[in-house]
Novice: 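Quick one: the structure is below, and I'll ask about it shortly.
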Amino acid sequence: MPVVNTVLGPVDVAGLGQTLMHEHVFVISPEHVDNHGRGAWWDEEFRVADAVAKLRAVAAKGVRTIVDPTVWGLGRYVPRVLRVAEQVPELNVVVATGVYSYDEIPFHYAHRGPGLMMDVPEPMVEDFTRDIVEGIAGTGVRAAFLKCVVEGKGLTPGVERICRAVARTHVETGVPITVHTNPSAGTGLLALEVFGEEGVDPAKVVLGHSGDTNDLDHLMRLADTGATLGMDRFGLDAYNPTSSRVATIAALCERGYADRMVLSHDTACFMDYFGAAWDEGIPLAAPNWRFDHIHDDVLPALREAGVTDGQIDRMLVDNPRRYFS
Ligand SMILES: [Zn+2]
């Protein structure tokens, strides 16, 4: 039986159960916190306890696993995630490695690499591989998947270098890839093109944020490659309202694509993009953007739209298991 590394150690893929494939425990930039958060809106102990309570509530809905694609660029800090996960052993938390950039490469990699000022092998491959094989920053927690981005600017030199480093690490280690895409700009196809050149099997790729579009032809074209569509921003109604997301998933299920979709919210226990406004502002600005929206509202709506319990199981249980197998 294949195993997947979670924050608390390896788990049989059969034990992943209902899995939300794209959620964040924390999105917190250390520079933001250290310069503007401390003494203002940042309270470490409060946030850890708050995350524990929120993740316990997720588990109480029947979710057994969340997959957290927070990497460099989104403020990954695994020791804090570990503190939370230890207090919620009923929920598996799977963490990632990679780099999140819409355009340029972080300065910390810009001058190191093949043909650069410091002419060394691709340092991102080295760093990503260490996270997967040895563990992250001395915690012993191992990353179980890779994350990169192809946004509206397309394959800028920085984005392409990150995607190739992710693809090469995948080929060497076998762990799957989640790529943030912009489906309105068709960037899933760009990502798959680069991955294909590097020898990546699309079956090991989740095309994140595919659910932001309702263009069935585009979604079927992506799914026909064998890649999995991340229908993963439920509650972010500003990008696409729940009713449209549900209708799109139902239409794809009817066309035989239930085995090519996964579900999630892309929310977080705390995200510093909103600073002090997170706790009171988000419930007003995006009232559906919560960890329980799928179980409370979306699954009933999918059933109403003709999606069967078997198809829901495929999206919540079987497809995540296949991705990590
Ligand atoms: Zn995300």
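The analysis underlying the following values was restricted to heavy atoms, covering all of them including side chains, and did not include hydrogens, waters or symmetry mates.
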Novice: If the threshold is 4.0 Å, N to carboxylate O, is there a salt bridge linking Asp217 and Arg221?
Specialist: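 A salt bridge is absent here (no side-chain N lies under 4.0 Å from a carboxylate O).
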
Novice: For residues His295 and Val63, report the shortest heavy-atom separation together with the two atoms involved.
Specialist: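 Between these two residues, the closest heavy atoms are CE1-CG2, 3.4 Å.
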
Novice: For atom CD of Glu90, decide whether the heavy atoms of other residues, nucleotides or ligands shown that lie under 6.0 angstrom number more than 12.
Specialist: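 Buried by this count: over 12 neighbours within 6.0 Å.
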
Novice: Verify salt bridge (charged side-chain N to carboxylate O under 4.0 Å, His left out) between Asp50 and Lys54, making sure each step is shown before the conclusion.
Specialist: CA-CA 6 Å; Asp50 176 68; Lys54 285 173 177 162; 2.8 Å; yes

Novice: Listed by chain and number, what are the ring-ring contact (aromatic ring centres under 6.0 Å, His included) partners of His293, not counting sequence neighbours?
Specialist: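 Listed in chain order: nothing, the list is empty.
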
Novice: Is Arg168 salt-bridged to Glu172, going by a charged N under 4.0 Å from an acidic O?
Specialist: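 Salt bridge flag = no for Glu172 with Arg168.
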
Novice: Would you kindly say whether Asn92 and Thr6 are connected by a side-chain donor-acceptor distance under 3.5 Å?
Specialist: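 No pair is found: no donor N or O on one side chain lies under 3.5 Å from an acceptor on the other.
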
Novice: Looking only at heavy atoms, what is the nearest atom pair of Thr267 and Glu23, with distance?
Specialist: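 Smallest interatomic distance, heavy atoms only, reads N-OE1, 3.0 Å.
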
Novice: Please verify the inter-ring angle class for Phe274 with Trp278; under 30° counts as parallel, over 60° as perpendicular, anything in between as tilted.
Specialist: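 Tilted: the ring planes of Phe274 and Trp278 meet at 30° to 60°.
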
Novice: With ILVMFWY side chains joined below 4.5 Å, transitively, what does Met118's cluster contain besides itself?
Specialist: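 Members other than Met118 - counting any ILVMFWY side chain reachable under 4.5 Å - are Val120.
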
Novice: Under a 3.5 Å threshold, yes or no: a donor from one side chain and an acceptor from the other, between Thr187 and Asn182?
Specialist: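 Distance-only check fails for Thr187 and Asn182.
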
Novice: Given 3.5 Å as the limit, does a donor-acceptor pair link the side chain of Thr228 with the main chain of Val206, or not?
Specialist: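 Pair absent, no side-chain N/O of Thr228 close to backbone of Val206.
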
Novice: What is the minimum heavy-atom distance between Arg64 and Ala59, and which atoms define it?
Specialist: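 Minimum heavy-atom separation between Arg64 and Ala59: NH2-O, 3.3 Å.
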
Novice: Once ring pair (Phe, Tyr, Trp, His ring centres under 6.0 Å) is applied, what residue pairs with a partner in residues 44-82 remain, sequence neighbours excluded?
Specialist: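 Of all non-adjacent pairs touching residues 44-82, those that pass ring pair (Phe, Tyr, Trp, His ring centres under 6.0 Å) are Trp72-His108, Trp72-Tyr109.
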
Novice: Let me confirm one number: the OG1-CZ distance from Thr19 to Phe324, rounded to the nearest 0.5 Å.
Specialist: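 Taking OG1 in Thr19 and CZ in Phe324, the distance rounds to 8.0 Å.
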
Novice: Does His32 have any ring-ring contact (aromatic ring centres under 6.0 Å, His included) partners at least two apart in sequence or in another chain, and if so, which?
Specialist: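 For His32 the ring-ring contact (aromatic ring centres under 6.0 Å, His included) partners, ignoring immediate neighbours, are Trp41.
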
Novice: Given side chains that start at C-beta, do those of Leu229 and Met261 come closer than 4.5 Å, heavy atoms only?
Specialist: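 Heavy-atom side-chain distance check passes, below 4.5 Å.
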
Novice: Tell me, which pairs form a ring pair (Phe, Tyr, Trp, His ring centres under 6.0 Å) where one or both residues lie in residues 226-265, sequence neighbours left out?
Specialist: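 As it turns out, there is no ring pair (Phe, Tyr, Trp, His ring centres under 6.0 Å) pair with a partner in residues 226-265 once direct neighbours are skipped.
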
Novice: Taking C-beta and beyond as the side chain, do Thr65 and Val94 meet within less than 4.5 Å on heavy atoms?
Specialist: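 They are in contact (side-chain heavy atoms under 4.5 Å apart), so the answer is yes.
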
Novice: For residues 159-185, pull every pair meeting ring pair (Phe, Tyr, Trp, His ring centres under 6.0 Å), keeping only residues two or more places apart or in separate chains.
Specialist: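 Residue pairs with at least one partner in residues 159-185: Tyr100-His180, Tyr102-His180, His180-His209.
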
